[in-house]
Student: 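Sharing a structure, written as structure tokens. Questions coming.
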Amino acid sequence: MGCCSGRCTLIFLCTIQLLVALERQVFDFLGYQWAPILANFFHIIIVILGLFGTIQYRPRYIVVYTVWMALWVAWNVFIICFYLDVGDLTKDSDLLTFNISAHHSWWREHGPGCVRREMTQPGVGTVDSQSYISVMGCLMEYQYIEVLHSGTQILIALLGFVYACYVVSAITEEEDSFDFVGGFDPFPLYHVNEKPSHLLLKPMYLST
């Protein structure tokens with residue numbers, strides 16, 4: 001009963017993780033954040049693997065999922081430090097785009113309540129004039145939205161890690177107990193020793 005409830009909870013957590021990861025992947029694509037896109041891609045694959053292992057009673061797949069959850073927590077802690085400018089990290093760098101482009105988080109210009117205006121700097125001529133984008137009126141700064149996303153990922157990942165460890169332990173105990181009573185033993189524990197019967201053939205003599 002405990003294993004069943006643990007499996008159901010882990011299946012539910014994996015489903016939530018897939019939905020949250022797909023939502024995050026969409027916005028990372030819109031912002032051309034290549035490092036998070038790759039991380040989300042691997043995350044989705046591992047979560048599907050863990051979901052399959054949970055449904056099909058495959059503890060090895062769940063172990064892979066458990067290890068990835070620890071790495072996923074570390075990755076999201078890095079993302080939080082990146083957007084909060086912890087240490088030498090700065091959110092204005094092109095680290096998440098592999099220095100390929102100068103794109104930033106999609107939420108930087110499209111956050112809740114943000115008003116995006118394109119303004120032109122005065123120049124010598126119309127051709128030489130440069131334009132820049134001004135964002136005003138945001139209800140929440142984009143870095144806090146990214147931190148909120150990562151915090152949600154960490155919370156779900158920690159729950160998934162705990163329940164995955166529990167399910168692996170429960171499945172292993174069930175397999176051990178089943179093996180103890182002879183479930184996987186090709187020779188049953190209780191069996192009858194049957195001795196082969198030999199037919200003695202004696203020559204028959206016919207008396208005349």
Student: Rounded to the nearest 0.5 Å, what separates atom OG1 in Thr66 from atom CG in Leu71?
Tutor: 11.0 Å

Student: Are more than 12 heavy atoms, taken from residues, nucleotides or ligands other than Phe52, located less than 6.0 Å from that residue's CZ atom?
Tutor: yes

Student: Under the side chain to side chain donor-acceptor pair (under 3.5 Å) test, which residues partner Asn40, sequence neighbours left out?
Tutor: Gln25, Asp28

Student: Looking at residues at least two apart in the chain, or sitting in another chain, which of them share a ring-ring contact (aromatic ring centres under 6.0 Å, His included) with Phe42?
Tutor: none

Student: Whether the side chain of Ser150 engages the backbone of Val147 through a donor-acceptor N/O pair (distance < 3.5 Å, no angle test) should be reported.
Tutor: no

Student: With side chain to side chain contact (heavy atoms under 4.5 Å, CB included) as the criterion, how do Glu109 and His104 come out once you've worked through the C-alpha distance, each side chain's angles and the decisive distance to 0.1 Å?
Tutor: CA-CA 9 Å; Glu109 300 176 5; His104 297 282; over 6 Å; no

Student: Starting at CG of Leu51, measure out to CZ of Phe12 and round the result to the nearest 0.5 Å.
Tutor: 12.5 Å

Student: Under the side chain to side chain contact (heavy atoms under 4.5 Å, CB included) criterion, do Ile62 and Leu10 qualify, and how do the steps go?
Tutor: CA-CA 10 Å; Ile62 305 177; Leu10 185 56; 4.3 Å; yes

Student: Kindly state each residue pair satisfying side chain to side chain donor-acceptor pair (under 3.5 Å) with at least one member in residues 136-146, sequence neighbours excluded.
Tutor: Ser105-Glu146

Student: Determine, stepwise, if the pair Tyr57 / Arg7 fulfils side chain to side chain donor-acceptor pair (under 3.5 Å).
Tutor: CA-CA 9 Å; Tyr57 290 90; Arg7 285 180 62 249; 3.2 Å; yes

Student: Can you list, pair by pair, the side-chain donor-acceptor contacts under 3.5 Å of residues 77-88, counting residues two or more places apart and other chains?
Tutor:
residue : atom : partner : partner atom : Å
Asp85   : OD1  : Lys91   : N            : 2.8
Asp85   : OD2  : Lys91   : NZ           : 2.7

Student: Linking directly or through intermediates, with side-chain heavy atoms under 4.5 Å: list the remaining ILVMFWY members grouped with Leu155, chain and number order.
Tutor: none

Student: What heavy-atom pair brings Val168 and Pro59 nearest, and what distance separates the two atoms?
Tutor: CG2-O, 4.0 Å

Student: Who pairs with Leu148 by side chain to side chain contact (heavy atoms under 4.5 Å, CB included), at least two apart in sequence or on another chain?
Tutor: none

Student: Supply the atom-to-atom distance Ser5 OG to Tyr163 OH, rounded to the nearest 0.5 angstrom.
Tutor: 7.5 Å

Student: When Ile, Leu, Val, Met, Phe, Trp and Tyr are grouped by side-chain heavy atoms lying under 4.5 Å apart, directly or through other members, which residues fall in the same group as Ile37?
Tutor: Phe29, Tyr32, Trp34, Leu38, Phe98, Ile100

Student: In Å and rounded to the nearest 0.5 Å, what is the CD1 to CD1 distance from Ile11 to Ile55?
Tutor: 4.5 Å

Student: When rounded to the nearest 0.5 angstrom, what distance separates CG in Leu22 from CD1 in Ile44?
Tutor: 4.5 Å

Student: Specify the closest pair of heavy atoms between Ala39 and Trp72, including all atoms of both residues, with the distance to one decimal.
Tutor: O-CZ3, 3.6 Å

Student: To the nearest 0.5 angstrom, please state how far the SG atom of Cys165 sits from the CE atom of Met69.
Tutor: 11.5 Å

Student: When you compare the side chain of Ser93 with that of Thr90, does any pair of heavy atoms fall below 4.5 Å?
Tutor: yes

Student: Suppose we screen for salt bridge (charged side-chain N to carboxylate O under 4.0 Å, His left out). Which residues come up paired with Arg24, at least two apart in sequence or across chains?
Tutor: none

Student: Side chain of Gln33, backbone of Thr97: donor and acceptor closer than 3.5 Å?
Tutor: no

Student: Please enumerate all residues that pass side chain to side chain contact (heavy atoms under 4.5 Å, CB included) together with Val64, with sequence neighbours excluded.
Tutor: Ile46, Leu49

Student: If you apply the rule side chain to side chain contact (heavy atoms under 4.5 Å, CB included), what do you find for Val167 with Thr9, and how did you get there?
Tutor: CA-CA 10 Å; Val167 171; Thr9 305; over 6 Å; no

Student: What verdict does the side chain to side chain contact (heavy atoms under 4.5 Å, CB included) test give for Leu95 and Asn99, after you've listed the backbone C-alpha separation in whole Å, the side-chain angles of each residue and the deciding distance to 0.1 Å?
Tutor: CA-CA 6 Å; Leu95 182 62; Asn99 295 323; 5.6 Å; no

Student: Closest approach of Gly50 and Cys14, non-hydrogen atoms and distance?
Tutor: C-SG, 4.5 Å

Student: Got a sec, which residues hit side chain to side chain contact (heavy atoms under 4.5 Å, CB included) with Phe27, two or more places apart in sequence or on another chain?
Tutor: Glu23, Leu30, Trp106, Trp107

Student: Quick one: side chain to side chain donor-acceptor pair (under 3.5 Å) partners of Tyr65, sequence neighbours excluded?
Tutor: Gln17

